[in-house]
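Each chain gets a letter, A, B and so on, in the order the sequences are listed, and its residues count up from 1. Worth knowing before you read on, the calculation uses all heavy atoms, side chains too, and leaves out hydrogens, waters and symmetry mates.
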Amino acid sequence: MSACLLLLCCATGQATESAQPSLQAQAQSHAQLKVESFHTTLLAVLRLPQQSAREALLQPQIQTLFDTRSIARISLGRTWRTLDTAQQQAFEGLLAELIVATYASRFDGFNNQRFVTNGVEGVKSGFVVRTRLLRNSGDSVSLDYFLRDGKVFNVVANGVSDLSLRRADYNSIIKNEGYARLVTHIKTKIAEARTPV
Amino acid sequence: MAWCLFLTGCASLEGDEYAVYDPYESANRTSYKVTDKLDSAILVPVARGYEKITPSWFERGVLNVFQNLRTIASSANGFLQGKPKAGGIDFARLLINSTIGIGGFFDVASRWDLRYQDEDFGQTLAVWGMTRSRYIYVPFFGPTTARDLPSTLLRSYLPRLIFGHDYHWGYSGLDIVSARANLLSASDIRDASALDPYAFTRDAYFQRRKFLIYDGNPPLDDFFDEFDEFDEDDLDP
């Protein structure tokens, strides 16, 4: 509802400047709407008691919103090119599973959390949707969603990039233990996320 | 003198600004392992216990008191960085919270939209040109860099420097436990996500410092460059 109002306000503002909203403005509104829809899902996920139910609700949203292929490619760095197509697809699937399981385990209790959208900025060949997660305690976390070609490839929380952390983490494991061990580690993390605390 | 030479060395480092630079990785990993074991065995259980028995408003108040003491350093560094507004806001916060806020327990200034500016001497050195610096994992203190080391050490001792012998060691203990309790959710995320917690912590530290140096607004293009870098890599033969 708030997203619709926000879009309506954006559209009204633009109409005074130009009869036809630019493609850029349309794409920005679309990016904002996608992120807000994801936040609505996260708030619903917070109210679900079971990890499996939370994952079931998140899975289709993450599949459509996140560019898991790019995230997999950038996370693996040069190792990506040493994998054949089947291995690349398998890794992308594993990473998508990890993202879903991680979100589902972190968003596991509703305590009046709220999301607010602070705006959308066009940068280079993509957009940044700037948002904030407000907690009941009064604390807040800035969450910036980086989109390219309409999909999220990076989420930056309080200035810390999820993609950059993933790349540093994975490449350290590849360097010290090899790609096969990385896959094993990721499977372990998925299992841990699904284990009730 | 030796310290000046050390810092001068930081200034002349080549490579990308704010990029991860860890020439002492082997020693740092050992320091991380020892510190992490002590943290998990002693500090984390104490911090969890503290969090459990303390009402959240009181926990927040204790954090506010110690942050209020450090506002002195934050204000000074705001001015040193040529940001009189930031320095002035912190100075006003110090006056308001120390008096109306009863020794800093209540953050009255934030309600008047005077937000903590979170400046330190490491950020000042970065603004002065020491953008790239060697990573150091100091035993018991945690992640820092050669550039940030003075402010990392000063952060712990500042209240004692202000109050001298009147500052009881018990207060230092409360400061440490309170700060650790505040970091529990971040370390829980690290434990749940990281495959190599050392590399994860190091990368997060460098990113967080860059975020603070840019006062919460690092260049957005840098995040897209990460993406483009690999696009270009893919075109390599």
Using distance only, find each side-chain donor-acceptor pair of residues 212-220 of chain B under 3.5 Å and give its atom names and separation, not counting sequence neighbours.
{"unit_1": "B/Asp215", "atom_1": "OD1", "unit_2": "B/Lys83", "atom_2": "NZ", "d": "3.0"}
{"unit_1": "B/Asp215", "atom_1": "OD2", "unit_2": "B/Lys83", "atom_2": "NZ", "d": "2.7"}

- Task: Determine, stepwise, if the pair B/Gln207 / A/Leu165 fulfils side chain to side chain contact (heavy atoms under 4.5 Å, CB included).
- Result: CA-CA 9 Å; B/Gln207 288 194 58; A/Leu165 282 183; 4.0 Å; yes
Residue [X] versus chain B: region with a heavy atom under 4.5 Å:
X: A/Ala168; result: both
X: A/Asp144; result: neither
X: A/Glu121; result: side chain
X: A/Leu147; result: backbone
X: A/Arg130; result: side chain

- A/Gln50 atom CD, neighbour heavy-atom count above 12 within 6.0 Å: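 Open: at most 12 neighbouring heavy atoms sit under 6.0 Å from CD of A/Gln50.
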- Message: Tell me whether A/Arg132 at atom CZ has more than 12 heavy atoms from other residues, nucleotides or ligands lying less than 6.0 Å away.
- Response: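 Buried by this count: over 12 neighbours within 6.0 Å.
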Taking the side chain as C-beta and beyond, is there a heavy-atom pair between [X] and [Y] under 4.5 Å?
X: A/Ile186; Y: B/Leu195; value: yes
X: A/Asp139; Y: B/Arg60; value: yes
X: B/Phe211; Y: A/Val160; value: no
X: A/Lys189; Y: B/Ser193; value: no

- So, B/Asp196 side chain and A/Ser172 main chain: donor-acceptor pair closer than 3.5 Å or not?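 No, B/Asp196 side chain to A/Ser172 backbone: no donor-acceptor pair under 3.5 Å.
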- In terms of heavy-atom proximity below 4.5 Å to chain A, should B/Asp107 be classed as side chain, backbone, both, or neither?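 Contact with chain A involves no heavy atom of B/Asp107 at all.
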- Item | chain A contacts, top residue of B/Ser185, B/Ser56, B/Ala192, B/Pro197 (heavy-atom pairs, under 4.5 Å) |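 Max contact count across the listed options: B/Ala192.
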- Item | Best-contacting candidate, B/Ala199, B/Ala194, B/Ala204, against chain A by heavy atom pairs under 4.5 angstrom |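 Most heavy-atom pairs under 4.5 Å with chain A: B/Ala194.
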May I have the list of side-chain donor-acceptor pairs in residues 89-97 of chain A shorter than 3.5 Å, sequence neighbours left out?
{"unit_1": "A/Glu92", "atom_1": "OE2", "unit_2": "A/Thr68", "atom_2": "OG1", "d": "3.0"}
{"unit_1": "A/Glu97", "atom_1": "OE2", "unit_2": "A/Arg194", "atom_2": "NH1", "d": "3.2"}
{"unit_1": "A/Glu97", "atom_1": "OE2", "unit_2": "A/Arg194", "atom_2": "NH2", "d": "3.4"}

- Query: What distance separates A/Asp169 CG from B/Arg190 CZ, expressed to the nearest 0.5 Å?
  - Reply: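 With rounding to 0.5 Å, CG (A/Asp169) is 11.5 Å from CZ (B/Arg190).
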